[in-house]
Asks: 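Here you go, one structure.
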Protein chains: 2
Amino acid sequence: MENTRELFQIMTRRFGLLNKNCCSVGGCDISLTQSHLLYEIDVQHNPSMQQIAETLGTDITTFSRQIQSLIKMNLVRKMPDPTDRRVFTLSLTTEGKMIATMIDQQMNDYLEEVFSFMTEFEKESVLRSVQILNEAMGKSSRCCAPVKG
Amino acid sequence: MENTRELFQIMTRRFGLLNKNCCSVGGCDISLTQSHLLYEIDVQHNPSMQQIAETLGTDITTFSRQIQSLIKMNLVRKMPDPTDRRVFTLSLTTEGKMIATMIDQQMNDYLEEVFSFMTEFEKESVLRSVQILNEAMGKSSRCCAPVKG
DNA sequence: TTATATATTTGCATTATACAACTATTAAAT
DNA sequence: ATTTAATAGTTGTATAATGCAAATATATAA
């Protein structure tokens, strides 16, 4: 009775709920979207606006405003690229880095709790599977290459 | 370098993108949220408004309006519960059922494509892992029990 | 039979989102 | 070199999504 889509539907919904809860840290109220921005800016090395917007599949105009509010919150810095004056590169401020780390920590804590209901063997298998899944989705032409409306 | 959170972050983002693309079927333009509503109404047996709203972690007032628009699109039916006149039970119309089935089919197609990049063994392992993950998240006190703001 | 709790809806305000049009800058074409 | 085309980003405007507060209707408890 449980088809493949059902399995993944439930999983993504649960992660959605998890994420919803996990982003308010240290008095700073971060939305789910914002936490994804912080995460991605942290991971990539001085990315441009376009880069992050594309990674996240967000319209650049929406993204521009999202960044504006993160700058206002003093979590993100926007620097003009010296080699191309059209481009701005993004980075986290000290405070932004701190918040990103806290969210990361909190998510890992949550995941640890989830893993506590598994055997060590199951945990390894799940981690490995997520990795495999990510790679496969990376190869797919349909995932991760957001087709604009 | 790839910590646990990172793995899951990437996975959920990719699924988010996948979902974004997969919900416009048969000329009918369904949003991601709406597809989740259709799915859940389909799965549960004549659920009440509250039931679905709670499952999805959506505020009941938002949900009320979401249902209103699905009714206007003739995808969902709302019937007064004979045993408790405060309650309305939800069900899919024939058309709603059709759309839900088409989305389900499309998602399964996408997933099949993703699986095509794996060995049969890996696929089995991934499916099993998602199942384990869902069960574990179900047991967690933090997932799936959306704590309101 | 009054008080309290539950299910749902509407008023209102806020936020998120995206398309179109704009500016500024760079790269390509001739 | 100079016009043309492409790229990066911002702002105007409109629309949709969301949620809190308050209201209505019904059910349950005191």
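All chains are named by letter (A, B, ...) in the order of the sequence lines, taking the proteins before the strands, and each is independently numbered beginning at 1.
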Asks: Kindly write out the residues that satisfy salt bridge (charged side-chain N to carboxylate O under 4.0 Å, His left out) with Lys139(B), not counting sequence neighbours, or none if the list is empty.
Replies: none

Asks: My understanding is that only residues two or more places apart in sequence, or in another chain, count here; which of them pass salt bridge (charged side-chain N to carboxylate O under 4.0 Å, His left out) with Asp81(B)?
Replies: none

Asks: Residues in side-chain contact (heavy atoms from CB on, under 4.5 Å) with Glu122(A), at least two apart?
Replies: Met118(A), Thr119(A), Ile132(B)

Asks: When the distance from CG of Leu90(A) to P of dA8(D) is rounded to whole Å, what number comes out?
Replies: 13 Å

Asks: Quick one: salt bridge (charged side-chain N to carboxylate O under 4.0 Å, His left out) partners of Glu112(A), sequence neighbours excluded?
Replies: Lys123(A)

Asks: Which parts of nucleotides 4-14 of chain C does protein reach within less than 4.0 Å, heavy atoms only, written one letter per nucleotide 5' to 3' as B for base, S for sugar-phosphate only and - for none?
Replies: -BBSBBBBB--

Asks: Are Met107(A) and Leu127(A) linked, directly or through other ILVMFWY residues, by side chains that come within less than 4.5 angstrom of each other?
Replies: yes

Asks: Whole-Å distance between dG9(D) C1' and Ile52(A) CD1?
Replies: 15 Å

Asks: Expressed as a whole number of angstroms, how long is the span from Asp59(A):CG to dA20(C):P?
Replies: 11 Å

Asks: Could you tell me which residues satisfy salt bridge (charged side-chain N to carboxylate O under 4.0 Å, His left out) with Glu124(B), sequence neighbours excluded, listed by chain and number?
Replies: none

Asks: With axes from five pairs an end, tell me the bend angle of the helix from dT1(C)-dA30(D) to dT30(C)-dA1(D), nearest 10°.
Replies: 20°

Asks: Starting at atom CE of Met73(A), determine the distance to atom C1' of dT15(C), rounded to an integer number of angstrom.
Replies: 13 Å

Asks: Both Arg85(A) and Gln66(A) contact DNA chain C. Taking the nearest nucleotide for each, which residue is further toward the 5' end?
Replies: Gln66(A)

Asks: Could you work out, with side-chain contact (heavy atoms from CB on, under 4.5 Å) as the rule, every residue matching Asn108(B), not counting sequence neighbours?
Replies: Asn3(A), Thr4(A), Arg5(A), Asp104(B), Leu111(B)

Asks: Determine which pairs satisfy salt bridge (Lys or Arg N to Asp or Glu O under 4.0 Å) with at least one residue from residues 64-78 of chain A, sequence neighbours left out, and list them in order.
Replies: none

